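See below for the structure under consideration.
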Protein chains: 2
Amino acid sequence: MSKKIVTIKDVARLAGTSLGTVSNVINGSKTVKSENRERVIKAMEELEYIPNLTAQSLKTNKSKLIGLVLPTITNPFYPALAKGVEDMANRMGYTIILCNTDLDCEKEARYVEMLISNRAAGVILVKSSLPEESIEKYSKKIKITLIDSKPNFQGNIDLVETSNYEGLFKAVEYLGSLGHTRVAYITGNLRSKSDVERLNGYLQAVKNGKFLYREDYIKNGNFTIDGGYKLGSELLQMPEPPTAICCSNDLTAIGVIQAAKALNLRVPQDVSVAGFDDIDICKLVMPALTSIHQPKYDQGEKAARVLIEKINDENASIARNYILNTELKIRESTGICPK
Amino acid sequence: MSKKIVTIKDVARLAGTSLGTVSNVINGSKTVKSENRERVIKAMEELEYIPNLTAQSLKTNKSKLIGLVLPTITNPFYPALAKGVEDMANRMGYTIILCNTDLDCEKEARYVEMLISNRAAGVILVKSSLPEESIEKYSKKIKITLIDSKPNFQGNIDLVETSNYEGLFKAVEYLGSLGHTRVAYITGNLRSKSDVERLNGYLQAVKNGKFLYREDYIKNGNFTIDGGYKLGSELLQMPEPPTAICCSNDLTAIGVIQAAKALNLRVPQDVSVAGFDDIDICKLVMPALTSIHQPKYDQGEKAARVLIEKINDENASIARNYILNTELKIRESTGICPK
DNA sequence: TTGAAAGCGCTAACAG
DNA sequence: CTGTTAGCGCTTTCAA
């Protein structure tokens with residue numbers, strides 16, 4: 001199959017120089033006499049030389065690979081994030097290894113170890129389900145940046161997140177401004193920091209304002225359409241149903257809208273529904289979904305930049321938190337409170 | 001930062017054996033006395049040894065990395081495909097490097113060279129925009145599997161595709177069975193084989209059956225919602241507009257539906273619309289979109305399996321074509337021909 | 001069954 | 001400014 005592999009040695013021979021000189025040309029390091037540089041470059045082209053990063057990496061113990069570990073790329077939230085990571089990494093000379101954990105903790109651990117094995121320079125963990133100790137442990141072997149961590153995560157690790165609390169707070173306030181007082185909330189996965197903060201944003205807004213606070217207006221969902229459908233049905237069939245339902249993500253909200261339709265309720269005339277994330281689908285469903293926009297692409301870009309800067313800066317040690325802003329996108333699924 | 005790196009040497013020292021023995025334990029090769037095996041394993045655990053695949057790869061000139069090169073992961077068609085690739089690769093012991101080309105031919109070339117540089121074992125090119133010669137050239141250095149190639153691609157390279165021709169043929173026939181005779185078609189990108197075949201399927205069906213064939217019922221789109229909106233508007237405002245519009249993908253179809261709405265036409269009462277791909281969004285838009293289902297996940301799985309089998313089988317040389325079936329999913333956007 | 005040793009392709013001293 | 005050389009961590013002969 002693959003024919004003779006061209007190495008730096010072949011290039012040196014053809015160019016009539018030593019290995020060292022070729023290496024220097026490749027790395028741009030040292031000053032090489034321009035005449036020699038030319039000849040080396042010519043030789044490389046002639047031989048179609050492709051450097052062996054594997055050898056380079058073995059020697060330098062560095063690489064230009066970074067891992068991106070996320071729950072599953074088929075969740076419509078992640079492609080934009082992944083693209084942000086990839087674009088920034090690419091711009092900074094890095095390539096990404098994509099790993100779907102399916103929220104399986106052991107699979108995630110295996111992936112991180114594989115990344116260490118491959119001497120990846122760093123890894124971005126999105127909604128990691130690894131125990132805190134594991135993350136600490138791995139961080140000794142590979143640079144880590146987290147996107148959305150666990151509630152109360154204390155590790156000394158860079159973290160990129162969004163203003164989840166404010167996002168939900170603003171959404172509830174907006175519903176209040178439309179006259180709603182009975183606003184329900186469906187959570188997603190309270191083992192993630194972002195979801196806890198969304199819930200806190202809801203609670204704070206409801207308790208602060210002139211809303212009716214009822215425990216049974218809060219349901220525990222699972223970030224899926226089916227979950228939204230089921231819990232939406234329950235909420236809407238209560239004796240005193242809410243007039244507005246906030247959801248922890250857009251898929252849940254879509255499920256709620258479907259439930260409302262199934263119950264012959266109109267959105268937003270009979271009930272208002274709001275989502276979170278602002279995935280592309282929001283604009284395409286009917287009615288178009290009011291949602292709290294998360295800068296998914298930006299998050300990916302930011303995480304990649306933070307990680308690579310850490311990789312390049314040997315003596316950076318203190319970890320930082322970066323919080324990106326959310327923004328309420330008002331569309332057709334929310335309206336004036338009925339009656 | 002990263003503390004002392006544990007190598008096979010450290011393990012050997014602790015276990016009181018030689019390097020070779022440790023290596024043999026790791027690879028499961030040779031027969032190692034079980035007593036020594038135990039001690040090596042114990043030492044590896046104690047030291048938290050993580051193998052250096054970089055060194056392994058340098059030595060063996062093999063790796064467990066495969067590249068996945070696709071237009072852009074943010075196109076809703078690709079995440080499912082990528083997941084299929086990843087799952088199968090993972091099952092077979094491989095990891096994937098994700099590369100978005102943004103349909104930029106040079107970027108694609110750079111990525112493929114990077115993959116060769118990293119000694120990836122193989123690469124899956126999805127809708128490659130590389131010239132045929134380049135693909136041939138690269139295939140000397142790295143195993144390649146194509147998903148959806150160029151029209152008339154002749155290279156001796158494994159190819160995974162779907163029955164695009166039959167897909168569109170069946171869709172048009174179905175519209176015929178609903179009484180439609182004026183069926184339009186909007187293409188996507190005729191530089192890809194799949195798109196050409198879809199068009200051919202349309203042409204054949206129209207010319208075969210009792211349809212009205214008109215050149216101006218065929219528009220050249222670009223696989224986007226905006227493109228669909230624009231061309232849909234044009235078609236629907238013709239003096240003799242079509243009563244049904246087939247689209248080369250779902251996004252285009254969604255654009256057409258939006259155009260119909262903007263013109264106060266009802267779908268499907270006034271005009272039927274069908275898409276291609278059957279992305280998740282189809283079920284969520286209103287009306288739910290009739291579409292030709294492509295087995296995206298299966299395509300990814302298949303391509304990964306074919307590639308890895310080629311990697312493992314040294315003397316496999318003849319290339320094969322694998323064609324996966326499409327299936328018409330009838331939903332709400334198509335109906336009886338008006339009047 | 002094991003140990004010793006060569007070397008994969010490259011970088012980074014170091015001496016010239 | 002250039003050539004020589006010693007490894008990076010691992011696999012894989014080859015002897016023992």
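What's counted below: heavy atoms across the whole structure, side chains too, no hydrogens, waters or symmetry copies. This one's a predicted model, so the numbers in the text were calculated from it and none came from an experiment. Below, read A as the first sequence line, B as the second, and so on, with proteins coming before strands; counting in each chain starts at 1.
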On the nucleotide [N], are OP1 or OP2 found under 4.0 Å from the side-chain N or O atoms that [X] carries?
X: A/Ser18; N: D/dT2; answer: no
X: B/Thr21; N: C/dG3; answer: yes
X: B/Asn27; N: D/dT11; answer: yes
X: B/Thr60; N: D/dT11; answer: no
X: A/Thr7; N: C/dG9; answer: no

Tell me: [atom1] of [X] to [atom2] of [N], nearest whole Å?
X: B/Leu19; N: D/dT11; atom1: CG; atom2: P; answer: 10 Å
X: B/Asn24; N: C/dT1; atom1: CG; atom2: P; answer: 11 Å
X: A/Lys64; N: C/dT11; atom1: NZ; atom2: P; answer: 12 Å
X: A/Arg13; N: C/dC10; atom1: CZ; atom2: P; answer: 13 Å
X: B/Lys62; N: D/dC10; atom1: NZ; atom2: P; answer: 18 Å
X: B/Ile26; N: D/dT12; atom1: CD1; atom2: P; answer: 12 Å
X: B/Ile8; N: D/dT12; atom1: CD1; atom2: C1'; answer: 11 Å
X: A/Asn52; N: C/dC8; atom1: CG; atom2: C1'; answer: 8 Å

Fill in: Donor-acceptor pair under 3.5 Å, A/Lys9 side chain vs C/dG9 base
no
Worksheet item: With a 3.5 Å cut-off and just heavy-atom distances, do the side chain of B/Lys59 and the base of D/dG9 make a donor-acceptor pair?
Response: no
Worksheet item: Would A/Arg305 and A/Glu309 pass as an ion pair if we require N to O under 4.0 Å?
Response: yes
Discussion item. If the condition is side-chain contact (heavy atoms from CB on, under 4.5 Å), which residues does A/Asp158 pass it with, not counting sequence neighbours?
Written reply: A/Thr145, A/Val306, A/Lys310, A/Ala319, A/Arg320, A/Tyr322
Item to complete: Identify, with sequence neighbours excluded, every residue that meets side-chain hydrogen bond (donor to acceptor under 3.5 Å, both in side chains) alongside A/Asn36.
Response: none
Worksheet item: Any donor and acceptor pair, going by atom type alone, linking the side chain of B/Glu108 with main-chain N or O of B/Ser129 inside 3.5 Å?
Response: yes
Worksheet entry | B/Ser63 side chain to B/Ser57 backbone, donor-acceptor under 3.5 Å | no
Worksheet item: Between C/dC10, D/dG9, D/dT11, which nucleotide has the shortest distance from any of its atoms to the side chain of B/Ser23?
Response: D/dT11
Worksheet entry | First encountered from the 5' end of DNA chain C, between B/Gly16 and B/Ala55 | B/Gly16
Item to complete: Under 4.0 Å between any heavy atoms, over every strand shown, what does B/Thr17 touch: base, sugar-phosphate, or nothing? Just pick one.
Response: sugar-phosphate
